Amino acid sequence: MNTGSIVDKALDDGVLTSDELAALFEVSLFSDESGRILAAGRRKAIEATEGKAEVHAQVGLNVAKCPRNCKFCSFAACNDVFEQESELTVEEAVVRARNAEAAGANAIYLMVTAQYPFGKFLEVASEVRAALKPATPMLANVGDFTLEEGEQLREAGFAGVYHALRLGEGRDTGISPKARLETLNNAHEAGLTLGTCLEPVGPEHTIGELVEKTLVTRDARPAYSGSARRIPIPGTEMAELGIVSKARMAHIVAVVRLALPRSTPGNCTHEPDVYGAAAGASLLWAEAGANPRDTDAQTEGKHGMTTDVCRALLEEAGWDVLDGPSRWHGAR
Ligand code: SF4
């Protein structure tokens, strides 16, 4: 298959087939074809965002042993990483959210483990919402939810959610793919904007799996897609499978950007990385509080990066970073 013509089709916003996507993923790193894909991913990312990258900041509200047992997550009960459960107080959550906003984060996310009480989450969120500038979008990163719960998220002031059908869902996680897909639909039905991505990519994932999940992100009609690699949690079964190189991730990030239409403006990568940003990631994530890839309950200064660092990484990759509220999620 001629990858040059596939890239041209993607730049014309043509809908790539599974075979065409597979051909782009299969290209050898550091080849001429790969260079063309990286350049095209970046070009499409710049065109889709009018040249403005964003930094979104996530505050993890709790550490708990989560019964959903996603093997790649430090909160999974099966991984037994954290000896003690803990939660941020409302005041601590508000301080972290406001600090990120003051540092220039374009949107604020609140994340909890799957069994965190939904009503309590709404209460904390309402306090955070009231403390943020009205125009700053607030988004939720929570477990699967019903349409009614999605509507409650809207009423609590959330503009949108992050949600994904992840690689290995139902095999490496205790959650059925059907439940994840229903939540994606519920988000749309409830009027929440959606962020998603191809994650968490590991060395063992086949081209077929990458293609399948990339197409799920496209079908979800998100505000942004993108791709993130799996970070090994020391001592866990999945850590033995290793980690995808940053060079490979940059290629994957570019291919995902090419696979999504320009009507999806954003393309994220995680953890924040200049290679991915150079290859077409227009969104990086700052983190505070708990983090499912960290073994420390406060990720600041460990795996979690600050808004300042994320902005600097994007600038290192040649991006202008948006000042003010995200343009991809309307505030509530
Ligand atoms: S990824 Fe979410 S649902 Fe899965 S174990 Fe971690 S906190 Fe639970």
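What you see is a predicted model; the values in this text were computed from it and never measured. FYI, the numbering just counts along the sequence from 1. Numbering of ligands and ligand atoms starts at 1, following listing order. Atoms considered below: every heavy atom in the structure, side chains included; atoms not considered: hydrogens, waters and symmetry mates.
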Taking atom types as modelled, find out whether H329 and N106 have a side-chain donor-acceptor pair closer than 3.5 angstrom.
-> no
Protein-side N, O or S atoms sitting under 2.8 Å from atom 8 (Fe) of ligand 1 are C66 SG
Atom 1 (S) of ligand 1: closest protein heavy atom, distance to 0.1 Å, is R166 NH1, 3.4 Å
State which residue, out of Y162, W285, F158, fulfils the ring pair (Phe, Tyr, Trp, His ring centres under 6.0 Å) condition with Y109.
-> W285
Hits for ring pair (Phe, Tyr, Trp, His ring centres under 6.0 Å) against F72, two or more places apart or cross-chain, chain-then-number order -> none
Measuring from L24:CG to D19:CG, what's the distance to the nearest 0.5 Å?
-> 11.0 Å
For residues 119-128, which side-chain N or O atoms pair as donor and acceptor with protein atoms under 3.5 Å away, sequence neighbours left out?
residue : atom : partner : partner atom : Å
K120    : NZ   : E87     : OE1          : 2.6
K120    : NZ   : E87     : OE2          : 3.3
S126    : OG   : L122    : O            : 2.9

Set of side-chain hydrogen bond (donor to acceptor under 3.5 Å, both in side chains) partners for D323, sequence neighbours left out = R311
